[in-house]
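Counting from 1, the numbers follow the sequence of the chain as shown. Hydrogens, waters and symmetry mates play no part in the numbers below; they use all other heavy atoms, side chains included.
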Amino acid sequence: MASLSNSFFILHLPLLLLLLLLHFSSSLSTTLIEITCKSTSYPDFCVAAISSTSPQTSSTTDTRDLSSIFLSLALSNATNSSSYATSLAASAMTEEPIRPLLRACSLKYAAAGDALNWALRELSAESYDNAFVHASAAAEYPIACRMLFAQQRRKPTALYPPELGRMEEELRRLCTVALEIISLLG
């Protein structure tokens, strides 16, 4: 009888250890995310952004992975913003004086995407200073887009599209959080 209970224990020990490891790993990643996000300028936004990613992504246990997640989220935003500006510029509903501004904005967001790709490359090479520089540049491009519209303020039709403004703000926050996390790396 003792032999049967010993073999049951031995057979189920790896499963028990795996479950404990998964629980411990999940607690570790949650703690890392909470602690790291609390150290940023936008802690609630940080946690919400991580929560919006896939479960595997939000179970990271590494600060470098967290910065990579935010750079990737920012890259997705920049790509979507560029596409949005391009589609607005091509829309028949958009007045002609606004179209060149939107095309220029599309290029600014595309440049932000390029800078974020470089930031991701530098991050994987553990060149944190260079990753920081590229992420900083990415945060600046959308501001140039807004400035194009501000310079045209005298023209009543040159209003900055509200959805593009929302996308710009989200990109700024994503880049800010990414920069703050990169700063923790070294």
Side-chain angles (χ1 to χ4, degrees), residues 33 36-54 57-58 60 65-124 128-184:
I33 291 168
T36 305
C37 284
K38 282 182 185 174
S39 73
T40 69
S41 299
Y42 305 104
D44 294 338
F45 175 81
C46 178
V47 171
I50 289 288
S51 299
S52 74
T53 61
S54 71
T57 304
S58 61
T60 184
D65 288 345
L66 277 177
S67 56
S68 179
I69 291 166
F70 276 95
L71 289 172
S72 295
L73 288 170
L75 174 59
S76 176
N77 174 291
T79 302
N80 292 339
S81 299
S82 178
S83 295
Y84 179 73
T86 297
S87 68
L88 277 181
S91 170
M93 302 295 289
T94 302
E95 295 184 24
E96 187 53 44
I98 303 297
R99 289 180 183 184
L101 299 176
L102 289 167
R103 284 191 289 271
C105 284
S106 176
L107 294 174
K108 298 295 181 195
Y109 279 100
D114 290 342
L116 289 161
N117 271 318
W118 277 105
L120 283 163
R121 283 187 201 105
E122 297 292 350
L123 186 68
S124 16
Y128 304 129
D129 288 343
N130 289 337
F132 190 93
V133 168
H134 289 296
S136 294
E140 295 298 318
Y141 284 110
I143 295 169
C145 173
R146 181 180 287 276
M147 294 307 295
L148 289 171
F149 278 85
Q151 292 168 355
Q152 302 295 319
R153 213 175 270 169
R154 288 174 252 116
K155 299 176 184 173
T157 57
L159 296 174
Y160 194 56
E163 181 63 14
L164 203 54
R166 187 199 62 72
M167 295 168 111
E168 173 196 351
E169 176 61 20
E170 183 174 316
L171 180 57
R172 186 182 63 75
R173 286 180 179 216
L174 288 166
C175 287
T176 297
V177 171
L179 288 165
E180 292 170 341
I181 295 173
I182 291 169
S183 293
L184 298 173

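Side-chain contact between Cys175 and Phe70 is absent, with no heavy-atom pair separated by less than 4.5 Å. Here the side chains of Ser41 and Glu180 are in contact, with some heavy-atom distance below 4.5 Å. Cys145 has its side chain within reach of Tyr160: a pair of non-hydrogen atoms, C-beta onward, lies under 4.5 Å apart. Residues Pro161 and Phe149 meet the side-chain proximity criterion, which asks for heavy atoms closer than 4.5 Å. Residues Ser72 and Leu120 are in side-chain contact: their nearest non-hydrogen atoms beyond the backbone lie under 4.5 Å apart.
Remark: side-chain polar atoms of Ser83 are paired, donor with acceptor, to backbone N or O of Thr79 under 3.5 angstrom. Checked by atom type and distance alone, the side chain of Arg99 pairs as donor or acceptor with a backbone atom of Ser91 at under 3.5 Å.
Here the options are Ile181, Val47, Leu66, the test is side chain to side chain contact (heavy atoms under 4.5 Å, CB included), and the partner is Cys37; only Val47 passes.
To the nearest 0.5 Å, atoms CD1 (Ile98) and CE (Met93) are separated by 13.5 Å. Of the inter-residue distances, the one linking Glu170 atom CD with Asn77 atom CG reads 5.0 Å to the nearest 0.5 angstrom. Between the CG atom of Asn130 and the NE2 atom of His134 there is a distance of 5.5 Å, given to the nearest 0.5 Å. Interatomic distance, CG of Leu88 versus CG of Leu164, reported as 7.0 Å (0.5 Å rounding). Distance CG/Leu159 to CD/Glu95: 9.5 Å, rounded to 0.5 Å.
Pairs engaging residues 114-124 under the side chain to side chain donor-acceptor pair (under 3.5 Å) rule: Glu122-Ser127 [sequence neighbours left out].
Between Ala49 and Leu174, the shortest heavy-atom contact is CB-CD2, 4.4 Å. Nearest heavy-atom pair, Arg103 versus Ala89, reported as atom, atom and distance to 0.1 Å: CG-CB, 3.8 Å. Closest approach of Ala138 and Pro142 over heavy atoms only: O-CD, 3.2 Å. Closest heavy-atom contact between Met167 and Ser81: CB-OG, 3.3 Å. Contact between Thr36 and Thr40 at its shortest, heavy atoms only, is O-CG2, 3.4 Å. Between Phe132 and Leu179 the shortest heavy-atom distance is O-CD2, 3.3 Å.
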I'd like a table of donor-acceptor pairs (distance under 3.5 Å, sequence neighbours excluded) in which one partner is a side-chain atom from residues 104-111, with atom names and distances.
residue : atom : partner : partner atom : Å
Ser106  : OG   : Ser82   : O            : 3.1
Ser106  : OG   : Ser82   : OG           : 3.0
Ser106  : OG   : Thr86   : OG1          : 2.6

Mind running side-chain contact (heavy atoms from CB on, under 4.5 Å) on Leu73 and Ile50 for me, showing each step along the way? CA-CA 9 Å; Leu73 288 170; Ile50 289 288; 5.7 Å; no
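With sequence neighbours left out, Glu169 forms a side-chain hydrogen bond (donor to acceptor under 3.5 Å, both in side chains) with Arg172, Arg173.
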